[in-house]
Amino acid sequence: MMQMEHRQTQRQTQQLVLTQKMQQALHILQLSSVELDQYVQQELENNPFLDQVMPKEELPAEKAESTTQDDNAAFEENCDLDAYADKWDLRHKEGQDLSRNTDLYERQKYYEDSITQSESLRAHLLTQMHLATETEADYAIGERIIIGDIDERGYFTGDVDDIAEELTVSEEDVWRILRLLQTFDPVGVGAQNTQECLLLQIQAEFPKNEALKTLVRDHLEDLMHRQIPKIAKAMRIKPAEVEELKKLLATLNPFPGHEYTSSPPQYITPEVVVEKNDDVYTVRLMSERSPQLEINRAYHKSVRPQATSTEEKQYLRQKMEAAQWLTRNITQRQQTILKVAQAIVDVQQEFFEKGIEHIRPLTLQDIADVIGVHESTVARTTRGKYMQTPQGLFELKYFFSPGLNSSNGDTQSAKSIQALVKKIIDEEDKRKPLSDQKIADMIKEQGTTIARRTVTKYREAMGILKTSLRKEY
């Protein structure tokens, strides 16, 4: 008969536990420069012992190791903390709000007050409607159309009957105001579809070009499918003339509303810059994109004697420790970015000299092995970070690409093959465009075996049309 009993046993297991400080370090590492700025501003507002200072001189990559060691030593030296106080009690004693950085607040307010928001499409149209209408009733119709039924493309998506019933006006009045709206800037606004939008623009830009009007009005669908001979026959003109009309049509904007936005544009700025000195490519950190913080030890020293209760001391200890860890983690982030960027540059020398066709195969693990970190660290480092190079601005993760085998035993980057596909298509005879299989054969002749479906995948990823749609007449 089976007996059941309770026993106490011990078992050793290994488990990685991330402390809050380690989590902060990982979080800061993966932030983009814009995200880091926002994070730092929050910390400056919440920590009275943090100050923002002017950026230091840019540090080249070769100084990364020594700088990190110095910062770590300074951090360890200042870790013996004592005496802390409650923020709100101190605020009362000092007569100020310690959660508010006055200098930062003034700079931020000046910046916000200086921003001029780009005018939205709706605001732009309402201004014109106010000037173009003579009665409040007409403006009310126009306002209803603009606010309710003009989408981000600039198209009218509403129903005239519904608007007339809602406002208790005639359909003729709604149509009249809609036609008035269609004369506004941007040209083509208020159209109900792409065809009408283009016709409105043709009437404004090329009013005497009847052939262009006919092309859009009667043959737009065939044009989208590159049925050039069919269109030429129907219009009784040469295929080359259809091609010329097509080029003229390409100067128009089928989505005029996209010229306006309700949100400010997002700008990309590099965190590192690649420079060539004595035939050697080196990386430096963009100091203006790196938050520079310092710990206000003088202020900490002045408030320490005021900390009398356990809660006050604990508060001061937490804030000082948080300030030190934040500055350390930001420094570590900067040096890690430098190391990763320099390792990438060392591998991709030919890319910086000759362009994308010479980019080499590279994996996250390759860089991790070089700088002695985990692959996930490289992944976090390359997220949202940009590098200014002699070839242009690139995200760090752009330089990672799998390899394809060539006939001489070397491997070639998938990105370089993709660039080669584009080059072959750019140089093809547009009257006899190459098939994907033919392109694959041409690349094989250059020493790299690639399947037709791979060419198709690369071509579609670059937004290049298939063979039949690339043909010109």
Residue pair [X] / [Y]: nearest heavy atoms and the distance that separates them:
X    : Y    : answer
L198 : P254 : CD2-CA, 4.3 Å
L121 : P186 : CD1-CD, 4.0 Å
L364 : F400 : N-CD2, 3.6 Å
L178 : G190 : CD1-O, 3.9 Å
S416 : I359 : N-CG2, 3.6 Å
Y458 : V421 : CD1-CG2, 4.5 Å

May I ask you to test the [X]-[Y] pair for a side-chain heavy-atom distance under 4.5 Å?
X    : Y    : result
V345 : M387 : yes
V187 : P256 : no
R304 : M320 : no
R297 : K301 : no
E353 : H358 : no

Run I295 and Q324 through side-chain contact (heavy atoms from CB on, under 4.5 Å) and show every step you take. CA-CA 7 Å; I295 299 173; Q324 291 191 320; 3.2 Å; yes

Can we say [X] and [Y] salt-bridge, meaning some charged N sits less than 4.0 Å from an Asp/Glu carboxylate O?
X    : Y    : answer
E196 : R179 : yes
E350 : R360 : no
R176 : D173 : yes

Hey, mind stepping through M129 and I177 against side-chain contact (heavy atoms from CB on, under 4.5 Å) and telling me if it holds? CA-CA 9 Å; M129 186 63 69; I177 299 301; 4.0 Å; yes

Dump the intermediate steps for side-chain contact (heavy atoms from CB on, under 4.5 Å) on V340 and K385, then the final yes or no. CA-CA 11 Å; V340 170; K385 318 296 192 306; over 6 Å; no

Do we see a donor-acceptor contact under 3.5 Å between the side chains of [X] and [Y]?
X    : Y    : result
Q41  : D37  : no
Y281 : Q348 : no
Y386 : S32  : no

For the [atom1] atom of [X] and the [atom2] atom of [Y], what is their distance to the nearest 0.5 Å?
X    : Y    : atom1 : atom2 : answer
Q391 : K354 : CD    : NZ    : 11.5 Å
L285 : Q334 : CG    : CD    : 5.5 Å
L338 : E271 : CG    : CD    : 10.0 Å
N296 : N47  : CG    : CG    : 10.0 Å
I464 : I439 : CD1   : CD1   : 8.0 Å
I202 : L200 : CD1   : CG    : 9.5 Å

Among D51, I330, T331, side-chain contact (heavy atoms from CB on, under 4.5 Å) partner for L293: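 Of the listed residues D51, I330, T331, the side-chain contact (heavy atoms from CB on, under 4.5 Å) partner of L293 is I330.
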
Is it the case that over 12 heavy atoms from other parts of the model lie below 6.0 angstrom from the [atom1] atom of [X]?
X    : atom1 : answer
E165 : CD    : no
K276 : NZ    : yes
E152 : CD    : no

Any donor-acceptor pair under 3.5 Å from Q342 side chain to V283 backbone: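 Present.
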
Without swapping roles, check the side chain of T133 against the backbone of D138 for a donor-acceptor pair under 3.5 Å.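 Absent.
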
Which word best sums up how the rings of [X] and [Y] line up, parallel for under 30°, tilted for 30 to 60°, or perpendicular for over 60°?
X    : Y    : value
F351 : F399 : perpendicular
Y299 : F49  : tilted
H130 : Y139 : perpendicular

Step by step, work out the side-chain contact (heavy atoms from CB on, under 4.5 Å) result for L181 and I150. CA-CA 10 Å; L181 173 65; I150 297 296; 3.7 Å; yes

Using side chain to side chain contact (heavy atoms under 4.5 Å, CB included) as the criterion, list what pairs up with E43, not counting sequence neighbours.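 Partners of E43 by the side chain to side chain contact (heavy atoms under 4.5 Å, CB included) criterion, ordered by chain and then number, come out as Y39, L50, L326.
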
So R453 and D436, salt bridge (Lys or Arg N to Asp or Glu O under 4.0 Å) or not? Walk me through it. CA-CA 8 Å; R453 62 179 178 275; D436 291 347; over 6 Å; no

